[in-house]
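Proteins come first, then strands; the chains are lettered A, B, ... in the order of their sequence lines, and each starts at number 1. A quick note: this is a predicted structure, and the numbers were derived from the prediction, not measured.
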Amino acid sequence: MRIWIAATLVLAATVLARRCQASGFLIYDLSGEAIGRASAVSASTSEPAAVWFNPAALPFMGGASASAGGVLVTARSTFSPAGGGPDTNSDRGNFFLPTLFANAALSDRIAVGIGVYTAFGIGIRWPGDWVGRQSAIAASLETLAFNPTVAVKLHRRFSLAVGFDAVRAVVDFTNGLPDLVGGDVRLAGGTWGYGFNLGALYRVLPERLHVALTYRSRVRLGFDGRADFDPTNPDFIPALPDQPATATIILPDMITLGLMARPRADLVLGLDVNYVRWSSYSRIDIDFATAPSRTIEPDGRDTFTVRAGADFRLPGRALHLRGGLIYDRGAIPSEGLGPGLPDADRLDATAGVGATRGRLTGDLGYMLVYFLPATATTGREGPEGTYRTLAQLLGVTIRASWP
Amino acid sequence: MRRGPAVELALIVTWATAGACTPAVGDEPAPEFMQWDPAPPRVPSPTGLIVNPTTGLVDFSRAGISVSQDCAAQQSLPEAACEFEQYLQTLDGFPTVTPAAAPASAQLDPTTLTLGDNVLALTASGAAITNVEVGFDDVDFLTVTPTASWDLGASYWFAVRGYDHGVRTMAGGEVVGSPTQFLLKQERPLDCGVSDPSQLDRSCPAYDLLLGQGLAPADAAKTLASLEQARLAYLRAGAWDLVAAAGIPKSEVAVLWGFPIHTQSVAEVSPPAIVPQITAANQIRVAVHGPVDATTVSPFVAKQQSGSVVLMDLDDVLKKDLVNGLPQVDAQLVDGSIVITGAAPFSPGHNVGVFFTNAIHDDQGRPLVPSPVSVLLTLQGSLVDADGNSTVSGVSDADAATLEPGRQKLAGLFENTSLVGLTGVDRSKLVYCFAFPFEPPP
């Protein structure tokens with residue numbers, strides 16, 4: 001255990017969330033099992049990660065369990081300028097997002113759980129001299145949520161849950177300064193934000209047909225940080241001193257409606273729809289102490305994601321095979337598209353496998369995320385042109401259960 | 001010792017928090033610089049950039065400053081400041097005694113303000129000027145003051161060397177230029193050669209820069225047009241070549257500015273003396289800078305309402321003793337000075353007022369222009385505010401405090417309409433005004 005914690009600490013030092021799993025910069029897929037099933041699990045989750053997917057499932061899980069793992073993300077974006085010319089590639093980003101979940105039944109009706117995870121994040125780096133350098137050279141938003149929750153089984157078929165979200169967030173953006181000024185400005189800051197979540201699970205036909213409804217509230221992140229101006233032109237250095245800066249980002253609220261059907265004892269089908277209110281991400285005002293304020297207007301729009309997944313248990317073995325498909329509508333319209341968050345409609349395909357031996361279960365999930373080409377049309381938040389992104393996720397989760 | 005769940009949880013929280021630490025970003029000190037900030041105004045002055053090429057007159061609107069026609073009614077400036085700007089706008093250049101001044105963001109080391117090396121004062125033809133004093137005042141302006149006065153109709157350029165080999169702050173730090181000066185150094189048109197502002201876009205670097213400062217597109221285009229005109233003015237004057245030839249290459253210029261001196265003659269005192277010369281017990285001499293038509297110099301005769309020179313014994317006038325208050329004098333132009341000679345010695349210790357009207361002309365028939373000190377003494381608004389600070393930009397607190405009592409005394413004179421008729425001392429017509437206690441030479 002000590003070695004495991006030490007290893008996790010090392011990984012945590014490099015944790016960087018990455019927008020690639022769901023629209024905007026939401027990272028919805030937080031466990032190996034869920035990734036294999038396209039995260040269409042809100043009505044059927046039975047792992048500790050239910051704290052994230054639907055905590056109302058906790059009272060039906062019984063006993064206690066804990067899981068640890070993470071998601072390895074690799075992604076790269078390419079920009080093709082509208083007027084022609086060579087493409088620009090972002091650096092390939094490789095990120096590991098660790099997760100910890102635990103749950104325990106306090107009684108036959110009441111269960112508690114806690115999760116520590118990254119559900120929102122941005123991480124992208126472009127060449128320092130590229131055409132869109134004034135809009136973004138590097139953009140990073142790291143979040144880490146602490147999410148205790150309690151769930152109550154009100155009826156043998158129905159449960160409710162409520163949770164509290166404390167989100168630690170850190171931004172670290174680097175943008176190029178205007179050509180006559182040269183150099184760049186780096187803005188870094190941290191903050192805490194708070195929210196809550198609700199969950200409901202209705203087992204219409206227990207273990208055969210379930211319906212789930214969850215809600216996660218907005219979280220306001222008011223960053224207090226510093227701006228490090230580094231102009232190469234000395235005449236601009238006095239006018240752009242390093243200084244305090246503030247900015248506010250509002251993480252969107254989200255409603256999920258889920259359905260689970262088990263047509264056979266060894267086959268679980270899931271269908272989830274997330275409705276994410278990205279309209280909260282419409283405008284970001286970055287206020288500097290003395291330098292001119294900057295406004296980013298991504299014009300985020302409310303959007304939805306449709307997830308369909310399946311879990312098939314091989315006959316006679318504690319081995320599961322999984323697969324799924326996702327359609328994820330982009331949160332940023334073409335007018336507000338920029339290189340800091342080159343969002344797009346996405347098509348995802350997932351596959352996974354899980355095995356149980358004794359108290360231990362291991363799950364492995366893989367997701368291929370294909371971003372449909374997204375064209376920035378106005379030049380307002382970055383150069384006009386088309387972004388193309390391809391990402392892959394590999395999720396691994398180990399969990400232990402006690403009756 | 002067995003670790004319990006609470007310890008495990010604490011470790012988890014520690015891990016999680018460690019993974020989300022705020023990056024430490026730099027907090028590097030910025031160098032000091034020669035300022036050129038329009039708001040609040042910290043700009044090199046005076047500047048020929050505000051001389052209107054159409055009218056040939058100083059025009060503050062070219063700097064975006066509107067000077068009210070009714071200084072008593074406006075609120076944006078102290079009344080005296082407004083009146084003084086009205087005066088400047090009557091000139092086709094700047095007063096001959098105006099020091100050249102450039103603000104800095106910090107006090108500069110005076111030992112580095114070396115004339116001819118780090119600080120240049122040049123004529124429009126590039127000749128170095130040596131009869132100036134370079135200083136640094138208490139409001140962080142580098143000043144170049146003529147030991148006599150600037151020549152009428154001449155233009156001057158001033159440059160300060162910055163960066164690695166230039167002037168230094170008191171702490172020994174480097175001094176750089178300003179963004180405005182950087183733009184004026186550009187070789188290419190700031191507006192990218194676009195004649196129609198609506199065609200500007202962010203591919204034009206200077207326009208992009210201004211938009212990045214938060215300016216609206218229309219305001220950015222307007223500012224860009226002004227800057228481009230200024231840049232062209234520097235090029236047309238060959239200013240960069242002048243200072244380069246004098247030893248400061250363009251890349252080392254932290255600030256460069258220049259201005260013309262008005263062309264009309266002016267009755268003034270030669271700095272640093274601030275009173276007319278008393279050459280005999282009954283004689284006062286006032287230097288005039290520039291040619292004067294001698295026939296226009298004559299004592300004022302109340303009966304005929306003619307003449308251009310008035311001398312008053314202010315003590316007697318204020319006692320309503322106009323016989324002794326308006327002593328009989330003669331006035332003539334002698335060796336470029338107006339010499340006022342009384343029929344009898346003037347009263348020692350009495351305050352004497354010397355006034356010239358705009359009936360005195362130069363050799364081209366143009367009236368003399370008022371000297372700045374004369375204007376200050378005739379203003380209707382106070383020269384100092386409630387805190388004792390000067391209300392007029394460019395006039396030091398000390399000078400304002402010195403002149404204010406005289407202005408107040410003279411105001412009583414100017415506002416007495418019956419006295420104006422008898423003496424000819426009409427505020428609006430005065431080109432010279434000075435009051436001082438008369439002490440005959442030994």
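Ranked by heavy-atom pairs under 4.5 Å with chain B, the first of A/L180, A/T191, A/L177 is A/L180. Here B/G177 is the residue among B/G214, B/G177, B/A206 with the most heavy-atom pairs under 4.5 Å with chain A. Annotation: maximal heavy-atom pairing with chain B below 4.5 Å, among A/L240, A/N233, A/T295, occurs at A/N233. Highest contact tally toward chain B, considering only A/A239, A/A188, A/P238, A/G379, is held by A/P238 [criterion: heavy-atom pairs under 4.5 Å]. Looking only at heavy-atom pairs under 4.5 Å with chain B, the residue among A/S293, A/P292, A/G189, A/P178 that has the most is A/P292. Most heavy-atom pairs under 4.5 Å with chain A: of the set B/P179, B/A254, B/P205, this distinction falls to B/P179.
No more than 12 heavy atoms of other residues, nucleotides or ligands sit less than 6.0 Å from atom NZ of B/K222.
Within the 4.5 angstrom heavy-atom criterion, no atom of B/L215 approaches chain A. At a 4.5 Å heavy-atom cutoff, A/Q243 makes no contact with chain B through either its backbone or its side chain. Looking at B/Q186, the atoms closer than 4.5 Å to chain A (heavy atoms on both sides) all sit in the side chain, from C-beta outward. For B/A24, the part lying under 4.5 angstrom from a heavy atom of chain A is the backbone only.
There is a side-chain donor-acceptor pair under 3.5 Å between B/E32 and B/S105.
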Check the pair A/N103, A/S65 against side chain to side chain donor-acceptor pair (under 3.5 Å), reporting the backbone distance first and the verdict last. CA-CA 6 Å; A/N103 67 284; A/S65 57; 2.4 Å; yes
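Annotation: the span from A/R226 atom CZ to A/R186 atom CZ amounts to 12.5 Å, rounded to 0.5 Å.
Judged by distance alone, with hydrogens and angles left aside, the side-chain atoms of A/D242 form a donor-acceptor pair with the main-chain N or O of B/E28 at under 3.5 Å. In this structure, B/W257 contributes its side chain and B/S45 its backbone to a donor-acceptor pair below 3.5 Å.
Using cut-offs of 30° and 60° on the angle between ring planes, the pair B/W36 and B/Y234 is tilted.
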